[in-house]
**Q** 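Got a structure here, written out as structure tokens. Questions coming.
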Amino acid sequence: MALVTTAEICDANPQLIVSGELRALQPVFQLYGQRQVFSGPVVTLKVFEDNVLVRELLEEMGDERVLVVDGGGSLRCAILGGNPVVQAQNNGWAGIIVNGCIRDVDEINGCDIGVRALASHPVKASKRGIGEKHVPLNIAGTRISDGEWLYADTDGILVSNTELSV
């Protein structure tokens, strides 16, 4: 799909909004990374103050997918840092959404990838390797499932049951 704004997607698909097939996340995320507009199929991950599985997934080839990480909304440590974001950029991920904190903001902002997170935090996450991959998440007032499509720009973030064309 050519890059279109989230507002254009909403305007072109009011019936999908009404039915719940197209959903907007609450505007709680800060923008990081050089790529302000991105979209792709979703890969979900649920962790809490632990970044082992985040790093593992970002070491895979991204194929222009978007990793959505439910970090439980924790503001006590960062579950994503600069090195994994560089890896994600190099492996072809389109973007990363983090319901939690990031660190190494200057390094992340130098990467050609879209990153959204609640905030930045200097404390590292633990390394227990506990979490769940490819499970439904509920973040920013929206349910997000593995394989759905995510569209992000400076206006906000949309999730659709299917890939959309405008």
Side-chain angles (χ1 to χ4, degrees), residues 6 23-161:
T6 54
R23 303 166 309 279
L25 276 66
Q26 295 168 346
V28 297
F29 296 100
Q30 304 296 314
L31 282 67
Y32 302 97
Q34 291 181 359
R35 195 181 297 185
Q36 294 193 354
V37 179
F38 59 93
S39 64
V42 169
V43 176
T44 60
L45 177 62
K46 186 171 189 162
V47 297
F48 187 73
E49 298 180 357
D50 186 335
N51 69 351
V52 171
L53 297 179
V54 176
R55 293 180 73 99
E56 284 179 7
L57 273 173
L58 294 176
E59 288 172 357
E60 296 177 10
M61 293 308 296
D63 299 319
E64 291 301 311
R65 293 177 295 168
V66 178
L67 178 61
V68 179
V69 182
D70 182 0
S74 174
L75 301 176
R76 298 189 304 193
C77 67
I79 57 173
L80 180 67
N83 288 339
V85 173
V86 169
Q87 184 79 44
Q89 170 195 257
N90 293 342
N91 286 343
W93 289 85
I96 308 165
I97 309 293
V98 180
N99 184 32
C101 293
I102 64 168
R103 60 183 268 160
D104 306 323
V105 171
D106 288 341
E107 188 172 4
I108 291 171
N109 284 341
C111 291
D112 181 25
I113 190 169
V115 177
R116 303 292 188 271
L118 297 178
S120 61
H121 200 293
V123 175
K124 288 183 181 181
S126 66
K127 307 246 185 279
R128 297 181 313 268
I130 299 171
E132 299 175 90
K133 298 177 185 178
H134 313 295
V135 295
L137 308 175
N138 193 344
I139 62 172
T142 303
R143 184 172 175 86
I144 304 171
S145 296
D146 210 68
E148 290 187 308
W149 278 75
L150 185 139
Y151 302 88
D153 64 13
T154 55
D155 282 339
I157 302 169
L158 299 173
V159 175
S160 172
N161 290 358

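One-based numbering along the sequence shown.
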**Q** Tell me if a side-chain donor or acceptor on S126 pairs with a main-chain N or O of E49 at a distance below 3.5 Å.
**A** yes
**Q** Side chain of N91, backbone of E59: donor and acceptor closer than 3.5 Å?
**A**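 Yes; judged by distance alone, with no hydrogens or angles, the pair exists.
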**Q** Is a side-chain N or O of W93 found less than 3.5 angstrom from the main chain of E60, in a donor-acceptor match?
**A** yes
**Q** Go through the steps for I96 and L58 under the test side-chain contact (heavy atoms from CB on, under 4.5 Å), then give the verdict.
**A** CA-CA 9 Å; I96 308 165; L58 294 176; 3.9 Å; yes
**Q** So, for G71 and F48, which heavy atoms are closest and what is the spacing to 0.1 Å?
**A** O-CD1, 3.6 Å
**Q** What heavy-atom pair brings S120 and V105 nearest, and what distance separates the two atoms?
**A** CB-CG2, 3.5 Å
**Q** Under 6.0 Å from the CZ atom of R128, do we count more than 12 heavy atoms belonging to anything else shown?
**A** yes
**Q** I need the R65 CZ to L57 CG distance, nearest 0.5 Å.
**A** 7.5 Å
**Q** Checking the side chain of R55 only, and the main-chain atoms of V52 only, is there a donor and an acceptor separated by less than 3.5 Å?
**A**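 Pair absent, no side-chain N/O of R55 close to backbone of V52.
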**Q** Please evaluate residues I144 and I97 with respect to the criterion side-chain contact (heavy atoms from CB on, under 4.5 Å), reporting the C-alpha separation (whole Å), side-chain torsions for both, the decisive distance (0.1 Å), and the verdict.
**A** CA-CA 11 Å; I144 304 171; I97 309 293; over 6 Å; no
**Q** Main chain of G81, side chain of D104: is a donor-acceptor contact present, judged purely on distance under 3.5 Å?
**A**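 Between the backbone of G81 and the side chain of D104 there is no qualifying donor-acceptor contact (under 3.5 Å).
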**Q** Which atoms form the tightest heavy-atom contact between A140 and F29, and what is the distance?
**A**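 The answer is CB-CE1, 3.7 Å.
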**Q** Mind checking the CZ-CD1 spacing from R35 to I113? Nearest 0.5 Å is all I need.
**A** 6.5 Å
**Q** Enter the distance from I157:CD1 to Y151:OH here, rounded to the nearest 0.5 Å.
**A** 14.0 Å
**Q** Look up atom CG in L150 and atom CZ in R23, then write down how far apart they are to the nearest 0.5 Å.
**A** 10.0 Å
**Q** Taking side chain to side chain contact (heavy atoms under 4.5 Å, CB included) as the definition, give me every residue that meets it alongside A125, ordered by chain and number, with sequence neighbours left out.
**A** N51, C77, I79
**Q** Search all heavy atoms of V115 against all heavy atoms of I108 and return the closest pair with its distance.
**A** CG2-CG2, 3.9 Å
**Q** If you round to the nearest 0.5 Å, how far is CG of D153 from OG1 of T6?
**A**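 It is 3.5 Å, given to the nearest 0.5 Å.
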**Q** I'd like to know whether V69 forms a side-chain contact (heavy atoms from CB on, under 4.5 Å) with L80, so could you lay out the CA-CA distance, the side-chain angles of the two residues, the decisive distance to 0.1 Å, and finally the verdict.
**A** CA-CA 10 Å; V69 182; L80 180 67; over 6 Å; no
**Q** How far apart are the closest heavy atoms of T142 and A24, and which atoms are they?
**A** OG1-O, 3.1 Å
**Q** Decide yes or no on side-chain contact (heavy atoms from CB on, under 4.5 Å) for K46 and L137, but give the supporting numbers first.
**A** CA-CA 7 Å; K46 186 171 189 162; L137 308 175; 3.8 Å; yes
**Q** With sequence neighbours excluded, tell me which residues meet side chain to side chain contact (heavy atoms under 4.5 Å, CB included) with V86.
**A**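 Only N90, E107, C111 meet the side chain to side chain contact (heavy atoms under 4.5 Å, CB included) criterion with V86.
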**Q** Check side-chain hydrogen bond (donor to acceptor under 3.5 Å, both in side chains) between S145 and all other residues, then give those that pass, not counting sequence neighbours.
**A**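 Partners of S145 by the side-chain hydrogen bond (donor to acceptor under 3.5 Å, both in side chains) criterion come out as none, since no residue qualifies.
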**Q** Test of understanding: with side chain to side chain contact (heavy atoms under 4.5 Å, CB included), list the residues that count as partners of Q30, not counting sequence neighbours.
**A**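 For Q30, the residues satisfying side chain to side chain contact (heavy atoms under 4.5 Å, CB included) (neighbours in sequence not counted) are Y32.
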**Q** Test of understanding: with side-chain hydrogen bond (donor to acceptor under 3.5 Å, both in side chains), list the residues that count as partners of D146, not counting sequence neighbours.
**A** T44, H134
**Q** In the structure I gave you, are the side-chain heavy atoms of L31 and R116 within less than 4.5 Å of one another anywhere?
**A**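 Yes, their side chains come closer than 4.5 Å.
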**Q** Who pairs with K124 by side chain to side chain contact (heavy atoms under 4.5 Å, CB included), at least two apart in sequence or on another chain?
**A**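 Expected list: R103.
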**Q** Can you name the nearest heavy-atom pair linking H121 to C101, along with the distance?
**A**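 The pair with the smallest heavy-atom distance is CB-CB, 3.8 Å.
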